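These notes are about the structure you will find just below.
Numbering of ligands and ligand atoms starts at 1, following listing order. Residue indices begin at 1 and follow the sequence shown. Nothing here was measured: the structure is a model prediction, and the numbers come from that model.
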Amino acid sequence: MSSTPNLRAGFAGLGTMGLGMARNLAAKGFPLSLTNRTMEKAIRLASDLAGGPAPVAALPTPAAVAAASDVVVSCVSDGPDVEEVHLGRNGTIEGARPGTVVVDCSTVDPAVARRVAARLAEKGVAFLDAPVSGGQKGANEGTLSFFVGGEAAALGTARPVLEAMGRRITHLGPSGAGQLGKATNQVIVAGTLAAVSEGMAFAKAAGLPMEAIHAALTGGAANSWALEVLGKKMLDRDFKPAFAIKHQQKDLAIVLRAARANGVPLPAASLVHQLLSSLEAKGRGEEGTQALFTLYEELSR
Ligand code: NAP
C-alpha cells in the first residue's frame with residue numbers, strides 16, 4: 001500500500017457505497033473525518049472504527065471535513081446533491097485550502113462535474129470526478145473501478161486514497177471525462193441487462209430447465225457478469241436491489257443526455273430506459289434491475 005500516514009482523508013455521504021468505502025480508508029490507516037446528511041450514521045461509523053489504526057472523527061459539515069483533510073471524497077446521490085455538498089452552504093468549498101483535492105465518486109452529469117471543478121479551481125482547490133463501478137460488493141471489498149476526470153497532478157495526490165478503495169484507477173482526461181467513462185459503462189450494463197432478461201425469458205417460455213440452461217450459458221460465449229450475477233437472481237426470483245431500477249434510470253438519463261450532446265444514437269440504452277420506466281410506473285423502482293426479467297415474462301404468453 002502506498003498510502004502515506006501524513007495524508008488525511010475525509011468522506012461525505014455514508015450510504016450504500018460510502019459506508020464500505022469509508023471503512024476501507026480507515027482500515028488502510030488514513031486519519032479520517034466523516035460527515036453525512038443524517039449525522040447519526042457518521043457518528044455511529046466513527047464509534048465503530050474507534051481503536052483502529054488511525055483516528056476517525058465525525059464532523060458536522062462537508063466544510064469541516066474539508067478543513068481537516070488533504071483529500072476529501074464524496075459519494076452522494078445526484079447532481080444537485082453533489083453541488084450542495086461541495087458548493088452549497090457549509091460545502092467543501094468553505095473549508096478546503098489551495099492544494100486540497102476533492103474527489104467525487106457519485107454518478108452525475110458530466111456538466112455538474114465541470115461546474116464544480118471550475119468553482120473549486122477559483123479557490124485553488126482541485127476536483128476529480130471519479131465515479132465507480134463494482135457496486136456495494138466492490139465498495140465493501142475495496143475492489144471498485146474508478147473512472148477519473150481532472151488534472152493528472154491532483155490524481156497523483158489522491159491516488160493512495162483511491163487505491164485504498166479500489167483495484168483499478170483509470171485517468172480518462174479532463175473534468176467530466178470520468179463521468180463520460182461511467183456513462184459508457186452504463187450503456188454496456190443496460191444492453192447486457194436487456195440481453196440476459198430477454199434470453200432467460202425466452203428459455204423459460206420455451207420450457208427449458210432453467211438451472212441447466214443458465215449453467216450451460218455461463219460456460220460459453222454468452223457469459224457475462226450480468227448473466228452470472230443477475231441471471232442467477234432471475235432464476236432465484238430474487239428481485240431485491242443490489243442496483244435499484246431508480247438508480248439505473250438516473251444513470252440512463254445522464255447517458256441519453258450525453259449521447260445527444262455528442263450526436264450519437266443509443267437505441268438499445270433508450271429501449272432499456274423505457275422498459276424500466278414501465279416497471280417504475282408500476283411502483284417497482286426500488287427493486288433491482290434484474291426485475292426487468294419479469295416484464296418480459298408479462299409480455300410472454
Ligand atoms: P445511497 O445509498 O442513497 O446513499 C447516498 C448518500 O448520500 C447518503 O448517505 C445520503 O445521506 C447522502 N446524500 C444524498 N444527498 C445528499 C445531500 N444533498 N447532501 C448531503 N448528503 C447527501 O446511494 P448509493 O447507492 O451509495 O450511491 C451513491 C452514488 O454512487 C450515486 O451517485 C450512485 O449512482 C453511485 N453508484 C451506486 C452504486 C450502487 O450499486 N449502489 C454503484 C455505483 C455507483 P443520508 O444518509 O442522510 O440519506
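- Remark: side-chain polar atoms of T184 are paired, donor with acceptor, to backbone N or O of L180 under 3.5 angstrom.
- Near K182, the atoms of ligand 1 lying under 4.0 angstrom from a non-hydrogen atom of the residue are 43 (C), 44 (C).
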task: Report the C-alpha separation of K182 and I254 in whole Å, then their side-chain angles, then the decisive distance to 0.1 Å, and conclude whether the side chain to side chain contact (heavy atoms under 4.5 Å, CB included) test is met.
output: CA-CA 10 Å; K182 171 73 192 229; I254 293 167; over 6 Å; no
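- Between the side chain of D70 and the main chain of R8, a donor-acceptor pair closer than 3.5 Å is present.
- Both the backbone and the side chain of T107 come within contact range of ligand 1, each with a heavy atom under 4.0 Å.
- Salt bridge status for D48 with R23: present, with a side-chain N to carboxylate O gap under 4.0 Å.
- When only interatomic distances are considered, the shortest N/O to N/O separation between N36 and ligand 1 falls below 3.5 Å.
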field: Steps toward side chain to side chain contact (heavy atoms under 4.5 Å, CB included) verdict (M21, C75)
entry: CA-CA 9 Å; M21 295 166 79; C75 192; 4.3 Å; yes
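- Protein heavy atom in closest approach to atom 4 (O) of ligand 1: G15 CA, 3.3 Å.
- In the displayed structure, K123 atom NZ is contacted under 6.0 Å by more than 12 heavy atoms of other residues, nucleotides or ligands.
- Less than 4.0 angstrom separates some heavy atom of C75 from each of these atoms of ligand 1: 6 (C), 7 (O), 28 (C), 29 (C), 30 (O).
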- prompt: Do L276 and K246 pass the side chain to side chain contact (heavy atoms under 4.5 Å, CB included) test, and can you show the C-alpha distance, the side-chain angles, and the key distance before you say yes or no?
  reply: CA-CA 8 Å; L276 292 177; K246 66 177 185 184; over 6 Å; no
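- The proximity of M39 to ligand 1, defined as any non-hydrogen pair under 4.0 Å, does not occur for either the backbone or the side chain.
- Backbone and side-chain nitrogen or oxygen atoms of G13 are examined, and none is located within less than 3.5 angstrom of a nitrogen or oxygen of ligand 1.
- Against a heavy-atom cut-off of under 4.0 Å, E84 is close to the following atoms of ligand 1: 18 (N).
- For the pair D81 and ligand 1, the shortest N or O to N or O distance falls below 3.5 Å.
- Counting heavy atoms only, K250 comes closest to atom 34 (O) of ligand 1 of the residues H247, K41, K250.
- Shortest contact from atom 3 (O) of ligand 1 to any protein heavy atom: S77 OG, 4.1 Å.
- For atom 47 (O) of ligand 1, the candidate residues are T38, N90, T35, T16; the nearest heavy-atom contact is made by T38.
- Counting heavy atoms closer than 4.0 Å to ligand 1, residue V85 contributes side-chain atoms (C-beta onward) but none from N, CA, C or O.
- At a cut-off of 3.5 Å, with distance as the only test, no side-chain donor of Q179 or D109 sits close to an acceptor on the other residue.
- Classification of R237 and E297 as a salt-bridged pair holds, one side-chain N sitting under 4.0 Å from a carboxylate O.
- The protein heavy-atom contact nearest to atom 37 (C) of ligand 1 is M17 CG, 3.6 Å.
- Between V76 and ligand 1, at least one N/O pair is under 3.5 Å apart.
- Residue L275 holds its CG atom at 5.0 Å from OH of Y296, rounded to the nearest 0.5 Å.
- Remark: R44 does not engage E40 in a salt bridge, criterion side-chain N to carboxylate O under 4.0 Å.
- Heavy-atom proximity to F243, at under 4.0 Å, picks out these atoms of ligand 1: 39 (C), 40 (O).
- Here R37 has heavy atoms under 4.0 Å from ligand 1 in both its backbone and its side chain.
- Distances below 4.0 Å separate heavy atoms of L14 from the following atoms of ligand 1: 9 (O).
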task: Quick one: do L256 and S270 satisfy side chain to side chain contact (heavy atoms under 4.5 Å, CB included)? Show the steps, please.
output: CA-CA 7 Å; L256 294 173; S270 306; 3.6 Å; yes
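- Counting heavy atoms closer than 4.0 Å to ligand 1, residue A242 contributes backbone atoms (N, CA, C, O) but none from C-beta onward.
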